[in-house]
Amino acid sequence: MKLAVVVFPGSNCDVDMYHAAADGIGADTSYVSHHCTDLSQYDGILLPGGFSYGDYLRCGAIARFSPVMDAVGEAIERGALVLGVCNGFQILLEAGLLPGAVYCNNSLKFHCSPVRLQVVNADTAFSSQYSEEESIVVPVAHGEGQYFCDADILDDLKKNNQIVFRYQDNPNGSLDNIAGIINRRGNVLGMMPHPERAVEGILGSTDGLPLFQSMLQDWRGSRHAAVE
Amino acid sequence: MYTVKVYVTLKPSVLDPQGQAVKDSLHYLDYTGVEDVRMGKYMELQLRASDRGEASKNVEAMCERLLANPVIEQYRYEITEATS
């Protein structure tokens, strides 16, 4: 499986993401610049956390217009898996590739600690290796992670099982305890918590690893289907 | 040349934690008459446009596409002819 980690000016979780992909699941992983305009060789795109463009204007608002984002859009169109974590999630929201928005935590604090999540939907390309309702521990590290959307969007998210992860102890005031959502087609996941920081025991948790294993599993399945 | 003043604030339906904190501080200073505080962003643009209508159309598009996030924010703007 070929994965790309997109590096924006100000990304700072790109190395963690690379480690999770390359060493966690043994994927053929490359760093890709925000200037890159062709991602056609990759099976999955990883948008890492950080502070792209210094979080100027709004988190993700400037990165969303990077040249690479057109290529990310094309990758989504052809069905590649796209995972956005933290700032990567903010970029996907700003780009309109996922519905809603995040803004400053209701506590006004930068929240940096392990949090308990509930796997709400274990039937996605990013969560198949979890079990439904499973409780996992993954760190969060953000000042602007309060998820918000209007009532219609929230209804849609619920109706279509697009809420994949919920906080069990909401750290930021997110609407309906939403920690991670997926698009309708099921190939774009965005989440504020950092699964890439929970892929080996020495990090304190391995609960993030099944997310990457799910992506690998999905890719194997789709490749198998293509061969048949 | 036009000077454009853009004001972006959170929508009334969106909780404003910063505004709440500032309001609490004002109350602490005994300005108890403060009923509400909404925080926002102020941007000043120098904009070339053939007339006020074109300027307004451009600013509207800029706000929708970049300067504000319509999911959580509202905007208003003032356009004045720049005195060169």
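As a basis for the values below, the full set of heavy atoms in this structure was taken, side chains included, without hydrogen atoms, waters or symmetry mates.
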Ordered numerically, the heavy-atom neighbours of chain B under 4.5 Å found in residues 157-177 of chain A are none

Taking every heavy atom of Val71(B) against every heavy atom of Gly100(A), the minimum-distance pair comes out as CG1-C, 3.7 Å

Given the options Leu15(B), Val14(B), Leu10(B), Phe148(A) meets side chain to side chain contact (heavy atoms under 4.5 Å, CB included) only with Val14(B)

Can you confirm whether more than 12 heavy atoms, excluding those of Glu77(A), are under 6.0 Å from its CD atom? no

For Ala101(A) and Ile72(B) the tightest heavy-atom approach is CB-CG2, 3.9 Å

Against chain A, residues from residues 22-43 of chain B with at least one heavy atom under 4.5 Å, in numeric order, are Lys41(B), Met43(B)

Expected contact set for residues 81-92 of chain A against chain B at heavy-atom separation under 4.5 Å reads none

Open item on the list: Does Arg78(A) have more than 12 heavy atoms from other residues, nucleotides or ligands lying within 6.0 Å of its CZ?
Closed with: yes

Taking a cut-off of under 4.5 angstrom between non-hydrogen atoms, the residues of residues 56-67 of chain B near chain A are Arg65(B), Leu66(B), Leu67(B)

#### Entry: Enclosure of Phe65(A) CZ (heavy-atom neighbours >12, cutoff 6.0 Å)
yes

Under 4.5 Å to a heavy atom of chain A? For Gln20(B) that would be neither

Open item on the list: For the CG atom on Asp123(A), are there more than 12 heavy atoms of other groups (residues, nucleotides or ligands in this structure) within a distance under 6.0 Å?
Closed with: no

Worksheet item: Does some side-chain heavy atom of Asp16(B) sit less than 4.5 Å from a side-chain heavy atom of Tyr103(A)?
Response: no

